[in-house]
Amino acid sequence: MKIGVLASQGAFIEHIEKLRQLGVEAMPVRLPEEIEGLDGLIIPGGESTSIGRLMRDYKLTQAIRDRVKNGMSVFGTCAGMILMARKSDDAYLESPGLMGITVRRNAFGRQRESFETELNVPVLGEKPFPGVFIRAPLIEQVNGTVEVLARLADSTIVAVRDGKMLALAFHPELTDDPRFHQYFLEIVSGRD
Amino acid sequence: METGTWKVKTGLAQMLKGGVIMDVINPEHAKIAEDAGACAVMALERVPADIRAEGGVARMADPTVIEAIMKAVSIPVMAKCRIGHFVEAQALETLGVDYIDESEVLTPADESHHIWKHDFKVPFVCGCRNLGEALRRIGEGAAMIRTKGEAGTGNIVEAVRHMRAVMDSIRELVNTPQEELMSKAKEMGAPFELVNEVHKAGKLPVVNFAAGGVATPADAALMMQLGTDGVFVGSGVFKSSNPSARAQAIVKATTHYNDPQIIAEVSKNLGEAMPGLDIKQIPSEELLAPRGW
C-alpha cells in the first residue's frame, strides 16, 4: 500500500511519520506525476489558501480528481477538509471538490479560540479521541451519502466520511493516537 | 474545551510549515501576500529596511493598522512587540493577533529580560542566533523559533550563519553522551530539560523558521535545504520592484526547494530585488541581531 501526503504547504511531515509508524509506505507529493500509483492521499492541515494556490499552479487539482475517479482514497484534516469540500466560504479557492459538504473556514474564531477537547467517535470505539482544533473550520451542511462520524457537545459536525473520502476539522497527526490513521488505512484497503 | 494550550500554540506553527510569512504594512499589501500564497502575514507600520533607514525608537504598530490587516485577510496575522515589553504583548493579545513576534527588529524595552511568554494564551515566536538562545526562548514559552538573520539588509549571510549554528549544535547534542549533557547545558546557558529533549529527539521541540535577509526565491530555498521549516520575508517582497511576482516566486521556491528546475523557472523576470547591504559596512551599534541574549 502506498500513501502520498500532499506537501505543498502545512503539517505534512507529521502525517508521513504517523503512516510510517504504522508500517505504511508514505511519501510527500508536490507534483501531479507523484500522484500516479498512490492508493491513498492525505491532504494535511496548513493554510487552505496557500495549499489551494500551489495545487492550482502545479496542476494537482485535476490530477487528484482523476485519480479519485480511479479509486484513490483521500483523507483531509483541517485545511485538507476545506480543500475536499464542494462548497466553502472561500470564493477564490479552486478545490478538487471531493465531498458533498459545505464548510466554513476559521469558524471558531482566531488563534485565541483554538482549543483541545475530547471527542466521542463511535467508529473508533469507546475511548474518546483527543481533538486538537487550530483556527479550525466546521461542517455546516452534509449531502445525502455523507456519514457524520463525530460532533462537538453543541452538535457541530467535525468529522465525516463518504465512501473512500474521510475529512476531519481537527488534527489527529498532532496527537499520539493513531486510530484515525488506522481507520483511513482500512478504508484504503477496502476492509471498511 | 481548553484554549491557549501548549499543543495549540505549537500546533499553529506546525500548520505554517513549508510556507512563507510576509511583512505587510497595510491591507493592500496583506491582500497581495495572501493572493500570492503566503501562509501568514506580519502586520507592521514599517518594514525592517525602513526602520533601519529612519533610526529612532521602533515600537509596536498602531492597533488601527493591525486591525485593518486582520480584517483584510483570512490567513493568520502576526504582530511584533519589543523585547521585554510585556504590556505591548498584552495589547496585541487583546487585539486578537494569532502570533506575537518578540522581535529584535523593534528597539528593546528591557536589556536583561525577555517576556515570560507562558503567561499568555497567544503564542510567541522569537529570534535566535544559536541553539542556546533558541532553548532559552522556548524555556520562557516561545512556541516557535526563527533565526534572527540581519533584518532589512536583503543579505542572507547572517540567517545562514544562525541556521548553521543551530543545526550544528543539534547534531553535536545528538552525539553527546548523557553524562556530558549537564555541562553542555551550562555551557550553552540553556535549560537542561530542553537540552536533554534535543539530545533525544535530534530536533528542536518547536518549529524553526528562517528570517532576516531573505530577498530571492533561491534565498528561501537555500534556507529550506539547510533545514528550516519555513521562511519569513521582511522587506524582501515590498521593497522589490514587483512585489506580487516576487511573493509568488518565493512561495513556490519554498515548496519546491529541492527542485532546481522550478527554482530557476520562478526566478525569471522578477525585476529588481530589494537593495542589499553588506553587513560589514553596518556600524556594530546598528546591528539588530545582537539585541536580546
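Protein chains get the first letters and strands the later ones, always in sequence-line order, with residue 1 at the start of each.
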Fill in: From CA spacing to verdict: side-chain contact (heavy atoms from CB on, under 4.5 Å), B:Lys17, A:Phe12
CA-CA 9 Å; B:Lys17 285 194 298 180; A:Phe12 54 90; 5.9 Å; no

Worksheet entry | Candidate pair A:Glu116 and B:Trp6, rule side-chain contact (heavy atoms from CB on, under 4.5 Å), full reasoning | CA-CA 10 Å; A:Glu116 291 185 67; B:Trp6 184 244; over 6 Å; no

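For B:Phe86, the CZ atom counts as loosely surrounded, since its 6.0 Å shell holds 12 or fewer non-hydrogen atoms of other residues, nucleotides or ligands. Within a 6.0 Å sphere centred on CD of B:Gln225, heavy atoms belonging to other residues, nucleotides or ligands number more than 12. Within 6.0 Å of atom NZ in A:Lys87, 12 or fewer heavy atoms from other residues, nucleotides or ligands are found, so the atom counts as exposed in its surroundings. No more than 12 heavy atoms of other residues, nucleotides or ligands lie within 6.0 Å of CZ in B:Arg164, so this atom counts as exposed by the packing criterion.
The nearest pair of heavy atoms linking A:Ser50 to B:Ala38 is CB-O, 4.2 Å. Nearest heavy-atom pair, A:Arg135 versus B:Ser74, reported as atom, atom and distance to 0.1 Å: NH2-O, 2.7 Å.
Taking B:Gly96, B:Ala36, B:Gly19 one by one and counting their heavy-atom pairs under 4.5 Å with chain A, the maximum is reached by B:Gly96. Ranked by heavy-atom pairs under 4.5 Å with chain A, the list B:Ile75, B:Val251, B:Leu16, B:Thr5 is led by B:Ile75.
Looking at B:Ile262 and A:Tyr58, their side chains come closer than 4.5 Å, going by heavy atoms from C-beta outward. A 4.5 Å side-chain heavy-atom check between B:Lys9 and A:Ser114 finds every atom pair outside the cut-off. Between A:Leu174 and B:Gln14 the shortest side-chain heavy-atom distance falls below 4.5 Å. A 4.5 Å side-chain heavy-atom check between B:Lys7 and A:Ile134 finds every atom pair outside the cut-off. The side-chain heavy atoms of A:Thr117 and B:Glu2, taken from C-beta on, include no pair separated by under 4.5 Å.
Using a 4.5 Å cut-off between heavy atoms, B:Asp229 makes no contact with chain A at all. Contacts of A:Ala7 with chain B are made by backbone atoms alone, with heavy-atom separations under 4.5 Å and no side-chain atom involved. Looking at B:Val77, the atoms closer than 4.5 Å to chain A (heavy atoms on both sides) sit in the backbone and in the side chain alike. Using a 4.5 Å cut-off between heavy atoms, A:Glu118 does not touch chain B at all. Proximity to chain B (any heavy atom under 4.5 Å) is restricted, for A:Leu54, to the side chain, taken from C-beta onward.
Expressed to the nearest 0.5 Å, how far CG of B:Leu95 lies from CZ of A:Arg110 amounts to 10.0 Å. Annotation: the span from B:Met1 atom CE to A:Leu152 atom CG amounts to 5.0 Å, rounded to 0.5 Å. Atoms OG1 and CD, on B:Thr3 and A:Glu113 in that order, are 8.0 Å from each other to the nearest 0.5 Å.
Judged by distance alone, the side chain of A:Gln111 and the main-chain N or O of B:Val8 form a donor-acceptor pair under 3.5 Å. Remark: side-chain polar atoms of A:Gln9 are paired, donor with acceptor, to backbone N or O of B:Met15 under 3.5 angstrom. Under the 3.5 Å distance criterion, the side-chain polar atoms of A:Arg112 are matched with a main-chain donor or acceptor of B:Thr94.
Taking a cutoff of 4.0 Å between a charged side-chain nitrogen and a carboxylate oxygen, A:Arg53 and B:Asp35 qualify as a salt bridge.
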